[in-house]
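Letters A, B, ... are given to chains in the order of the sequence lines, protein chains preceding strands, and every chain is numbered from 1.
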2 protein chains.
Amino acid sequence: MTKKITKNPRARKSTSGRAPTLIDVAKVAGVSPITVSRVLNQPDLVSEDAQQRVRRAIDEIGYVPNMLAGGLASRSSRMVALIVPTIANSIFAETVQAITDTLAQAGYQTLLGISAYEDEQEKQLLEAVLGRRPDGIILTGTYHAPDIRKRLEVTDVPVVETWDLSPDPIDTLVGFSHTRVGEAAAEYLLAKGHRRFAAVSANDQRAVKRLDGFLQTLANAGVDEPIVAKVPTPARFQLGREGIAGILDQASGPIDAVYCSSDTLAHGVMVEAQQRNIRIPQDMAVIGFGDLDFSEYTLPPITTIRVNGAEIGRRAAMALLARMNSGDSNAVPGGVIDTGFAVIERESA
Amino acid sequence: MTKKITKNPRARKSTSGRAPTLIDVAKVAGVSPITVSRVLNQPDLVSEDAQQRVRRAIDEIGYVPNMLAGGLASRSSRMVALIVPTIANSIFAETVQAITDTLAQAGYQTLLGISAYEDEQEKQLLEAVLGRRPDGIILTGTYHAPDIRKRLEVTDVPVVETWDLSPDPIDTLVGFSHTRVGEAAAEYLLAKGHRRFAAVSANDQRAVKRLDGFLQTLANAGVDEPIVAKVPTPARFQLGREGIAGILDQASGPIDAVYCSSDTLAHGVMVEAQQRNIRIPQDMAVIGFGDLDFSEYTLPPITTIRVNGAEIGRRAAMALLARMNSGDSNAVPGGVIDTGFAVIERESA
DNA sequence: GTGAAAGCGCTAACAA
DNA sequence: TTGTTAGCGCTTTCAC
């Protein structure tokens, strides 16, 4: 190692081989261990004088509390497990960022798991994470493999599901209705007078819900069934391009409007349209879903159904914090919070 | 809580109020606690027969090992702290994803901290995280506030710095030279015959290094000093647009080529150029840095200096794993791995 | 191949 | 306001 073991006079404890403990601090400060503990966790119970001595001692020997030991003794790890399908998508990234921020401010660390939209992954991550005794768990989506769900229902760890709505949450839910998103997209396009539709959708749980809402609303309105291109997860720009290319090649007539399950796909659709000299939105309207910042400045402008990833993250984290602090019993029932979404029109540049 | 406390016959331990422990397993299996521990951690030392009985017991009572206790006793938490400036940027997101994946496969969980490019944040995150006794730490960048650095040098926790190169790493380093990236950009543009330059750069540590490399190389070549627009972090699409707009408004003549510290900024530059009927690359060349997938399909195509975020993450994680497993002493010196970068030309559509 | 004893570093509960 | 006594649930010796 490049690091030199300098003869730092303060390093007496670190040279002794093991990290200084609370007992070391207590000795230096001339108090009992529990007083040191109190200075750290409930300073109000300790006299000014003792606090001073203890803090001085902590600085002097470079003491860092061992939270493994603390967690074991107090049965509270001050960690939250967060499981998301991906962070490569800017909107989930915003949510993750907001969650870690909010939790960090409240003194909780975030244990991150990325499930890649795989049940098996999610299960393994949970398995691994439960052993750490997290004080709370935040999960993306409302579908979870049956055994995972059961495990979570039995645990008394507060669970927040987010990014979706469901009639039977495990515990607490902070999200919005993807079915409604799809319906809103269809309603919007129908109101604009469009009648010949196509759809490019990813095939993950929530994208499929949106698509179903979209298709169902169209069916109810009695318009022709749209051509649908389903693309694999994670949705990449180029998949949108390929998706619409296939649709346009096989379509018997012109397409009025294209529904995309995400802005990323919508972007690909737009570029392909541009290649083919199809003007947007005059020749073909495009509606996306997700992160407005992206589509707002991409030319030509498209209509987007916008959700605020950061806001969802913040609210999910706050719901969890409330849950964790509401006494540790299951007395308080978990709630459902609908964060909603907004349709953002950007027809004219 | 919505969850019903069902009269599940197996839930005898969970209804008893506390989670089953290793001792509970031992009783059911008719062995001593240490045997249970061995089945979990060193199964080779235990007879087939005993293993069977223990595993059966574990399933029966739904035992989940308490890693807080395990970590305390074994002085190894099997957690790694990861501190990044942001994940809202797809390239860092890839790195984070690769790191968590690689570590998870090796049985380590990732404790995520997001520093928002703030020293103070980074410090607090580290402070908070050190108490969890992580087995390793992965940090973004090579600059760290002096006190953070000192703290880390004294610790015997393996540290991997990534996403940059430096002559004096704390321990191990996996990254590439940002100065060289800037130089390569300048060399590339100069070779194309460009002479009147502009630059739009973010103002974080590494972006500034790239910019400096770019400017220095131009200065050495004796060309006029470029107009530079520095934009705040995190770089958003629109900042690129505003940056180049300001430059074009104040420039006394045409600009041959624009250097951008990231593809996100480059995208903004391109859109603004499009608005002003400046053709790319014929009228004005643009070079970016970061994630090829983004710029490759954005029209018009630009040249990008590409780094593979996932690859960097994987290598950083593997370096850390090697470090953590190389006996716990500081015997093995930390190494420096240069992951390099590539110049991707996309001049013609 | 298995077990008994002794902590890991901290905090809960009670007492003074 | 402070301290004492017992653990938290596991792994490390070391013994058999």
Side-chain angles (χ1 to χ4, degrees), chain A residues 13-14 16-54 57-58 61-79 107 130-135 327-328, chain B residues 13-14 16-54 57-58 61-79 130-135 328:
Chain A
K13 287 302 168 191
S14 89
S16 86
R18 50 178 255 297
T21 74
L22 193 118
I23 297 186
D24 298 323
V25 176
K27 280 180 190 152
V28 172
V31 296
S32 78
I34 187 65
T35 299
V36 178
S37 172
R38 288 200 183 107
V39 170
L40 263 20
N41 301 316
Q42 318 167 58
D44 297 347
L45 302 185
V46 181
S47 69
E48 270 302 327
D49 177 60
Q51 285 200 41
Q52 298 257 337
R53 305 218 311 281
V54 167
I58 287 175
I61 67 179
Y63 168 69
V64 178
N66 185 329
M67 300 186 76
L68 262 50
L72 178 59
S74 68
R75 297 151 172 292
S76 150
S77 63
R78 297 198 77 82
M79 286 196 303
L130 281 176
R132 309 234 171 240
R133 301 295 189 263
D135 290 344
D328 20 24
Chain B
K13 287 301 168 191
S14 90
S16 86
R18 50 177 254 298
T21 73
L22 192 115
I23 296 186
D24 298 322
V25 177
K27 280 181 190 150
V28 173
V31 296
S32 78
I34 186 61
T35 299
V36 178
S37 172
R38 289 203 182 102
V39 169
L40 262 21
N41 301 318
Q42 318 166 61
D44 298 347
L45 303 184
V46 180
S47 70
E48 270 302 327
D49 176 61
Q51 283 199 43
Q52 297 257 338
R53 303 217 314 279
V54 168
I58 286 175
I61 67 179
Y63 168 68
V64 178
N66 184 330
M67 300 186 75
L68 261 52
L72 179 59
S74 68
R75 297 151 174 292
S76 150
S77 62
R78 298 199 76 83
M79 288 196 302
L130 282 175
R132 309 233 171 243
R133 299 295 188 266
D135 290 344
D328 20 22

Side-chain donor/acceptor of Arg133(B) to backbone N/O of Leu130(B), under 3.5 Å: yes
Nearest-nucleotide pick for Val31(A), side chain only, options being dT12(D), dG3(D), dG7(D): dG3(D)
Here the distance between atom P of dT1(D) and atom CD of Gln52(A), to the nearest Å, is 15 Å
Residue-phosphate contact under 4.0 Å: Arg75(A) side-chain N/O, dG9(D) OP1/OP2: yes
Please examine the side chains of Val31(A) and Val36(A), heavy atoms only from C-beta on, and report whether any two atoms are closer than 4.5 Å. yes
Atom CG of Asn66(A) and atom P of dC8(D): how far apart are they, to the nearest Å? 18 Å
If I take atom CG in residue Leu22(B) and atom P in nucleotide dC10(D), what distance separates them, rounded to the nearest angstrom? 5 Å
What I'd like to find out is whether the side chain of Ser77(A) reaches to under 4.5 Å of the side chain of Arg132(A), using heavy atoms alone. no
Of Asp24(B), Thr21(B), Leu22(B), the residue whose pairing with Pro33(B) passes side-chain contact (heavy atoms from CB on, under 4.5 Å): Leu22(B)
For residues Val39(B) and Val25(B), determine if any side-chain heavy atom of one lies less than 4.5 Å from a side-chain heavy atom of the other. no
Which atom pair, heavy atoms only, marks the closest approach of Thr35(B) to Ala50(B)? CG2-CB, 4.4 Å
Around atom CG of Leu45(B), are there more than 12 heavy atoms from other residues, nucleotides or ligands closer than 6.0 Å? yes
Under a 4.0 Å heavy-atom cutoff, the residues of residues 32-45 of chain A touching DNA chain D are Ser32(A), Ile34(A), Thr35(A), Arg38(A), Leu45(A)
d(CE, Met67(B); C1', dC10(D)) in whole Å: 11 Å
Taking the side chain as C-beta and beyond, is there a heavy-atom pair between Leu40(A) and Tyr63(A) under 4.5 Å? yes
Nucleotide range of DNA chain C contacted by chain B, 5' to 3', under 4.0 Å to a heavy atom? dG1(C) to dG9(C)
